[in-house]
Amino acid sequence: MKLNKISNKKTIGSKVFNNFVLIILLMSIGFIFSLYERKITSENYDEFTNINIKLSKLSLEFSNSWGYFNMFVKTKDNENIQKYTDSNNKIENLSIDIEPYINKDENSSIYLRNLNNMFDYYKIESDQLMSKIMNSEKLDQKSYDKLTEIKTLYNYITKHSESLLVTYLDYSNLKYSTSVQKYKNTEIKIYTSLIFIILISFIYTMLVSRDLNNTIGRLKTYAELLTDAKWEIPDLKDQKYDELNSLAKAFDKMKHSIRKFIEEINEKIEIENNYHEEKLKSTQKDKLIKETQLSALQSQMDPHFLFNTLNTISRMAMFEDANQTVKLIEATSKILRYNLDCKDKMVKLKEEMYMIKAYVIIQETRFQDQMSFMFDIEQNLDSVKVPPMLIQPIVENAIVHGLKEMDNGGIINITINKKNNFIYITIKDNGIGMDDEKINALFSEVKSKSTGLGVFNVKKRLELYFNRNDLIEIHSQIGEGTQVIISIPIEESEDIVEAFNS
């Protein structure tokens with residue numbers, strides 16, 4: 001009994017489908033009927049236009065017939081007889097063609113009958129006069145009188161032809177206007193019906209939506225009670241629609257099943273806790289290993305850098321006053337302090353740039369007019385976190401391998417901007433450049449005096465910080481300088497800061 005009860009319920013899908021099919025069917029019927037009315041109107045227009053054209057041709061042929069007849073009377077040329085006969089045949093054919101349509105209008109049919117009678121009489125009289133003229137050398141008084149009579153008859157025919165044309169034109173205009181108005185009325189009825197159907201569909205949709213909202217609202221309320229572990233809520237009643245009824249039954253089944261699952265979940269909690277403890281120990285171990293690797297890589301930078309810096313300071317102390325030496329010592333102090341304070345942790349981009357500018361002071365003093373440094377840093381990036389000592393090794397590499405052999409005019413551009421959640425640090429020089437083999441050597445673990453330590457160090461630290469090997473690129477050609485682009489993913493940088501600080 002219960003299965004029969006459920007199977008007899010209406011489904012939302014079937015009701016919506018039936019409603020949709022009904023709307024489409026009614027709209028199709030209205031559209032077809034509208035097309036039919038439009039077709040009838042178009043056919044009427046074509047018919048009226050065609051008949052009016054033929055009436056105009058009929059009037060023209062009457063004129064041609066009289067013209068050829070009159071020319072024969074004047075010239076007695078047999079060629080005009082043939083043209084006269086052809087014109088009369090055309091008049092007869094046109095009369096036959098238009099007669100079924102002209103007879104639809106009583107007034108037009110009267111004009112057409114009179115016109116046909118006058119034309120029959122006109123042909124008889126014209127033919128007789130033409131025979132008489134052909135058999136005589138000149139016209140007598142009786143022939144002239146007959147010619148005048150025929151001309152008068154032609155004038156009556158012309159007037160009747162014009163009257164027929166005007167009368168049928170009025171009739172066709174009236175019929176066509178009536179047909180157009182009928183088509184417009186039909187369209188209005190169709191549109192009115194469609195609006196009514198749409199309104200009924202809207203009301204029906206609102207009723208279905210109300211039932212859905214009521215059932216879903218109860219499900220929401222019961223679900224909130226279940227989240228508070230209130231298992232005493234009653235089962236949902238049978239619903240009006242099959243889908244909603246199935247949903248209610250599934251919800252009740254879920255409610256009863258949750259209790260059973262709770263005990264199984266509690267048993268697994270302890271296993272999960274043990275697993276997470278082991279995972280935490282493993283993570284901490286990985287962190288320690290990574291910090292050790294970073295410290296080892298970072299410490300490789302200090303002796304190499306301090307050697308060049310102290311040599312510069314000693315040379316300047318020999319040739320300059322104390323003020324310049326103090327300036328160099330302050331710049332060196334900033335670098336040493338930064339190198340000691342920021343080791344093994346992420347730093348703000350602002351702090352990294354303070355250190356780079358101190359480094360630039362030393363290099364500008366060292367090389368003077370041989371090279372210059374330019375900065376282009378996008379605003380609002382000061383607080384972005386980056387690995388320390390990231391830019392200095394690249395700048396030093398540009399000096400040593402790109403510009404050192406230039407006597408003057410060397411330029412190093414340092415550009416920093418943000419795009420698509422990445423910070424792009426670009427160090428570009430106009431030095432001697434390098435080939436692909438040397439670029440590959442910069443990324444190699446084989447550290448030699450010719451390739452330098454800096455680029456590989458930066459690449460390795462980026463890999464350790466971000467677990468990615470695509471964050472540094474080098475573009476260079478012999479004689480066209482070198483460009484190094486470092487990409488810092490902002491979101492991953494923030495996560496790393498939290499991990500290092502945890």
With sequence neighbours excluded, residues passing side chain to side chain donor-acceptor pair (under 3.5 Å) with Asn155: none
Met71, CE: over 12 other non-hydrogen atoms inside 6.0 angstrom: no
Contact list for residues 416-430, test side-chain hydrogen bond (donor to acceptor under 3.5 Å, both in side chains), sequence neighbours left out: none
Heavy-atom check, side chain of Ile416 versus side chain of Asp376, under 4.5 Å: no
Distance-only donor-acceptor check, side chains Asn185 and Gln181, under 3.5 Å: yes
Residue list, ring-ring contact (aromatic ring centres under 6.0 Å, His included) with Tyr154, at least two apart or on another chain: Trp66
Minimal non-hydrogen separation, Phe422 against Leu471, with atom names: CE2-CD2, 4.4 Å
Results of ring-ring contact (aromatic ring centres under 6.0 Å, His included) for Phe373 - residues two or more places apart only: none
Side chain to side chain, Ile488 and Phe466, heavy atoms closer than 4.5 Å: yes
Pair listing, salt bridge (Lys or Arg N to Asp or Glu O under 4.0 Å) test, anchored in residues 108-125, at least two apart: Glu92-Lys123, Glu125-Lys146
Stepwise side-chain contact (heavy atoms from CB on, under 4.5 Å) test for Lys57 and Lys90: CA-CA 9 Å; Lys57 290 181 179 179; Lys90 291 180 180 180; over 6 Å; no
Using atom types as modelled, flag every donor-acceptor pair under 3.5 Å from a side chain in residues 94-102 to any protein atom, sequence neighbours excluded.
residue, atom, partner, partner atom, Å
Ser95, OG, Ile91, O, 2.9
Ser95, OG, Asn116, OD1, 3.4

Rounded distance [0.5 Å steps], CD1 in Ile24 versus CD1 in Ile197: 10.0 Å
Side-chain donor or acceptor of Asn89 paired with backbone N/O of Thr85 under 3.5 Å: yes
Nearest atoms (heavy-atom pairs only) where Met346 meets Pro387: SD-N, 3.8 Å
Interatomic spacing from NZ in Lys385 to CD1 in Ile490 - rounded to 0.5 Å: 13.5 Å
Intermediate values then yes/no, side-chain hydrogen bond (donor to acceptor under 3.5 Å, both in side chains), Tyr121 and Asn117: CA-CA 6 Å; Tyr121 183 74; Asn117 293 333; over 6 Å; no
side-chain contact (heavy atoms from CB on, under 4.5 Å) evaluation trace for Leu115 with Leu58: CA-CA 11 Å; Leu115 192 62; Leu58 182 65; 4.0 Å; yes
Side chain Asn173, main chain Leu169, donor-acceptor under 3.5 Å: yes
Under 3.5 Å: donor-acceptor pair, side chain of Ser161, backbone of Ile157: no
Residues Asp145, Gln141; criterion side-chain hydrogen bond (donor to acceptor under 3.5 Å, both in side chains); working and verdict: CA-CA 6 Å; Asp145 293 338; Gln141 185 62 39; 3.2 Å; yes
Rounded distance [0.5 Å steps], CD1 in Ile32 versus OG in Ser28: 6.0 Å
Pairing residues for Asn107 by the side-chain contact (heavy atoms from CB on, under 4.5 Å) criterion, not counting sequence neighbours: Asp105, Thr167
Stepwise side-chain contact (heavy atoms from CB on, under 4.5 Å) test for Lys175 and Lys104: CA-CA 11 Å; Lys175 294 294 286 183; Lys104 294 179 181 179; over 6 Å; no
Min side-chain heavy-atom separation Ile150-Tyr122 under 4.5 Å: yes
Minimum-distance pair of heavy atoms, taken over all atoms of Leu153 and Met118: CD2-O, 3.7 Å
Under 3.5 Å: donor-acceptor pair, side chain of Ser172, backbone of Phe48: no
Aromatic centroids of Tyr171 and Tyr168 separated by under 6.0 Å: yes
From Thr75 atom OG1 to Asn70 atom CG, the distance as rounded to the nearest 0.5 Å: 9.5 Å
Glu463 versus Asn467, side-chain donor and acceptor atoms under 3.5 Å: no
N-O pairing of Lys348 and Glu352 below 4.0 Å: no
More than 12 heavy atoms of other groups within 6.0 Å of Tyr45 OH: no
Pairs satisfying side-chain hydrogen bond (donor to acceptor under 3.5 Å, both in side chains), at least one member in residues 469-485, at least two apart: Arg468-Asp470, Glu473-His475, Ser476-Thr482
For Ile412 against Ile427, the heavy-atom pair lying closest together: CG2-CG2, 4.0 Å
Residues in side-chain contact (heavy atoms from CB on, under 4.5 Å) contact with Ile195, at least two apart in sequence or another chain: none
Spatial distance of atom NZ (Lys74) from atom CG (Asn80) [nearest 0.5 Å]: 11.0 Å
Side chain to side chain, Thr158 and Ser63, heavy atoms closer than 4.5 Å: no
Separation between CG of Leu381 and CE of Met353, rounded to the nearest 0.5 Å: 10.5 Å
Side-chain heavy atoms of Ile190 within contact of Ile188, under 4.5 Å: no
Donor-acceptor under 3.5 Å (Ser163 side chain, Lys159 main chain): yes
Donor + acceptor pair across side chains of Tyr68, Asn64 (<3.5 Å): no
side-chain hydrogen bond (donor to acceptor under 3.5 Å, both in side chains) evaluation trace for Asn103 with Ser109: CA-CA 5 Å; Asn103 287 339; Ser109 64; 4.6 Å; no
Residue list, side-chain contact (heavy atoms from CB on, under 4.5 Å) with Tyr354, at least two apart or on another chain: Lys350
Any Phe69 side-chain heavy atom under 4.5 Å of Leu147 side chain: yes
Sequence-distant partners of Lys39, side-chain contact (heavy atoms from CB on, under 4.5 Å), two or more places apart: Glu43
Tyr84 and Ser126, any side-chain heavy atoms less than 4.5 Å apart: yes
Any residue meeting ring-ring contact (aromatic ring centres under 6.0 Å, His included) with Phe375, in chain and number order, not counting sequence neighbours: none
Side chain proximity check, Leu462 to Leu390, heavy atoms < 4.5 angstrom: yes
For Ile394 against Ile472, the heavy-atom pair lying closest together: CD1-CD1, 4.3 Å
Asp382 vs Leu349, side-chain contact (heavy atoms from CB on, under 4.5 Å): CA-CA, chis, key distance, verdict: CA-CA 5 Å; Asp382 290 347; Leu349 181 61; 5.8 Å; no
